Amino acid sequence: MTETAASGPAGSAHVDDQPRPGRWLALAVLVLAVLLVGVDATVLGLATPFLSEDLKPSGTQLLWIGDIYSFVIAGLLVSMGSLGDRIGRKKLLLIGSVAFGGLSVVCAYSTTPEMMIAARALLGVAGATLMPSTLALIRNLFHDPKERSLAVGIWGAMASAGTAVGPVLGGFLLGHFWWGSVFLINLPVMALLVVVGIRVIPESRHPDPGPWDIPSVALSLVGIVGVVYAIKEAAVHGYRGDILAAGLIGLLALFVFVRRQLSLDSPLLNMKLFHHRGFSGAVLADLLTILGLSGLVFFLSQFLQMVQVRSPLNAGLTELPAAVGAVGAGLAAGYVARRLSVRLVVAGGLAIVGLSLVGSTTLHADTGTASIGLILFVVGVGAGFSFTVTADVILSSVPKEEAGAASAVSETAYELGAALGIALLGSIVTGIYRDFPAPPGIPAGTEAAARESLGGAMEAAKDLPAHQATALVKSAQHSFVDGLDIAVGVSAVVLLSAAVAAWFLLRGQELGNTPAQPETAADAERDPQPETLGGGGA
């Protein structure tokens with residue numbers, strides 16, 4: 001049980017279970033961080049064409065700019081969640097918010113691809129403090145399961161709202177200012193969070209956390225980054241010796257990390273949580289869902305702006321239905337799950353997303369706004385149902401003193417899925433794109449620049465005669481769309497597979513408030529009653 005200044009002794013269950021005054025105001029401040037992360041994730045996609053024109057990154061550098069944030073944040077989330085349990089979740093949230101704002105300025109004024117990659121990596125370090133802290137604080141602010149379901153629903157809705165606000169606000173900024181302005185919008189949100197959060201967010205931490213194990217921190221970072229790097233590079237360059245070495249080092253580090261956690265009295269992550277079928281099923285569903293969606297999200301803005309030649313604001317408005325659907329579904333998810341079942345809502349939501357992506361495999365330059373909007377709205381509804389319920393299943397599956405580490409597992413699955421999705425699906429798009437037939441007579445240097453990225457092709461075409469420029473751009477656009485359609489098809493297979501896995505792994509889950517206990521097959525045979533877990537959504 002978590003001890004706070006207002007909760008009394010750790011053993012005083014009656015006091016700790018009382019509704020906390022000001023909890024809804026504290027929630028309003030916490031979701032500002034969630035809103036910020038959602039905005040930051042989407043505006044980068046819109047800014048990519050402008051960033052490409054200014055910084056002139058190679059295709060590989062462009063992918064690193066997109067996914068280095070996810071690599072670093074995924075590698076540090078568990079460590080930061082555990083650190084928050086130890087030093088105080090409020091303290092970590094506020095420190096991370098200040099750092100996030102400062103590093104956003106560095107991103108905005110980056111002058112080279114290398115500087116942008118480094119700034120995004122450091123931004124990932126700061127970002128790793130935000131999401132686990134917000135979820136863990138919600139776990140400690142709301143003791144009633146139905147209130148907590150509503151709070152998690154609002155948390156998820158604000159994350160989706162960030163994806164809606166990001167493209168529209170980013171499109172407006174990109175239409176009037178330079179690409180760095182999309183990072184500067186973080187500053188007022190961070191300032192408000194820090195100033196108000198100091199006063200209204202209560203501190204909470206593990207009452208007897210034990211030491212923060214530095215070797216475990218290093219092992220988790222090296223393991224996750226090594227494995228993801230190997231997957232990304234192998235997809236682009238094949239299985240070279242250095243790539244295989246990075247992957248093996250990553251796997252070895254993760255193996256040692258797991259063994260170390262099992263031997264520590266105060267581990268960074270309680271590995272026994274994964275013995276629980278519902279906890280593991282929710283984590284796996286999140287990872288596969290984001291893996292399947294991230295490639296579409298990352299490349300959709302490029303498709304809208306550089307293939308359909310929409311303005312940044314128009315592209316942002318075109319993507320808006322996805323967030324609208326996710327917000328509505330997130331707020332309704334808990335209500336629906338209580339009347340149907342957890343596994344039906346999660347698996348059904350994932351199946352809806354997968355089938356919608358099947359319909360997206362025919363995207364082309366002439367696809368209308370209404371068709372794109374309808375597909376994205378349905379994707380948003382399915383994802384909103386699934387993510388909200390799985391977040392609450394994970395959050396409520398643990399005692400409050402482990403809320404930070406458990407929340408970090410949820411966010412690690414999200415960020416790792418995003419990194420893997422951009423790496424794998426992005427490599428599919430890039431690999432197919434680079435084989436586009438170049439028009440005859442194109443200088444070798446110009447052709448090489450055009451094959452780096454679609455933005456590079458459009459930039460290279462500016463130096464060519466009109467007829468060659470038009471032919472080059474159309475050939476590059478056609479190849480880009482071919483790659484996107486195949487990547488979306490792969491995404492659909494991943495989402496439908498996630499739906500099947502969720503159907504079996506979440507069998508018997510219900511919305512409630514009993515912390516998860518490790519489950520074995522023998523346990524299930526002795527006790528056929530459904531497991532009871534914390535709810536999701538409103």
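Residue numbers count from 1 along this sequence. What you see is a predicted model; the values in this text were computed from it and never measured.
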Close side-chain approach of [X] to [Y], heavy-atom, < 4.5 Å:
X	Y	answer
Val429	Phe480	yes
Val29	Leu192	no
Thr289	Val353	no
Phe436	His478	no
Met80	Val125	yes
Leu254	Ile224	yes
Pro321	Leu374	no
Ile290	Phe387	yes

Passing option when Leu76 is tested against Thr129, Leu221, Val225 for side-chain contact (heavy atoms from CB on, under 4.5 Å): Leu221
Gap separating the [atom1] atom of [X] from the [atom2] atom of [Y], nearest 0.5 angstrom:
X	Y	atom1	atom2	result
Leu187	Phe100	CG	CZ	10.5 Å
Leu123	Leu103	CG	CG	6.0 Å
Leu193	Ser97	CG	OG	4.5 Å
Leu376	Leu300	CG	CG	6.0 Å
Leu496	Leu350	CG	CG	9.0 Å
Leu122	Ser104	CG	OG	11.5 Å

When you measure from the side chain of [X] to the backbone N and O of [Y], does any donor-acceptor pair fall under 3.5 Å?
X	Y	value
Thr388	Gly384	yes
Ser386	Gly382	no
Gln477	Leu454	no
Ser475	Leu472	no

Stepwise side chain to side chain contact (heavy atoms under 4.5 Å, CB included) check, Leu317 with Arg310: CA-CA 10 Å; Leu317 292 172; Arg310 298 174 185 263; over 6 Å; no
Which residues pass the side-chain contact (heavy atoms from CB on, under 4.5 Å) test with [X], sequence neighbours left out?
X	answer
Leu288	Leu284, Val494, Ala498
Ser497	Val493
Val381	Ala329, Phe377, Phe385

Derivation of the side chain to side chain contact (heavy atoms under 4.5 Å, CB included) call for Leu357 and Ile375: CA-CA 8 Å; Leu357 292 179; Ile375 290 173; 5.8 Å; no
Distance-only donor-acceptor check, side chains Thr318 and Thr369, under 3.5 Å: no
Side-chain donor-acceptor contact under 3.5 Å, Arg120 with Ser110: no
Test side chain to side chain contact (heavy atoms under 4.5 Å, CB included) applied to Thr112 and Leu55, step by step: CA-CA 5 Å; Thr112 66; Leu55 301 184; 5.7 Å; no
Any idea which heavy atoms bring [X] and [Y] closest together, and the distance?
X	Y	answer
Met116	Trp179	CE-CZ3, 3.3 Å
Leu425	Ser491	CD1-OG, 3.1 Å
Ala108	Gly180	CB-O, 3.2 Å
Leu506	Ala282	CD2-N, 4.0 Å
Val72	Gly124	CG1-C, 3.9 Å
Ala337	Val345	CA-CG2, 3.6 Å

Full working for side chain to side chain contact (heavy atoms under 4.5 Å, CB included) between Leu30 and Ile138: CA-CA 8 Å; Leu30 289 174; Ile138 288 172; 4.1 Å; yes
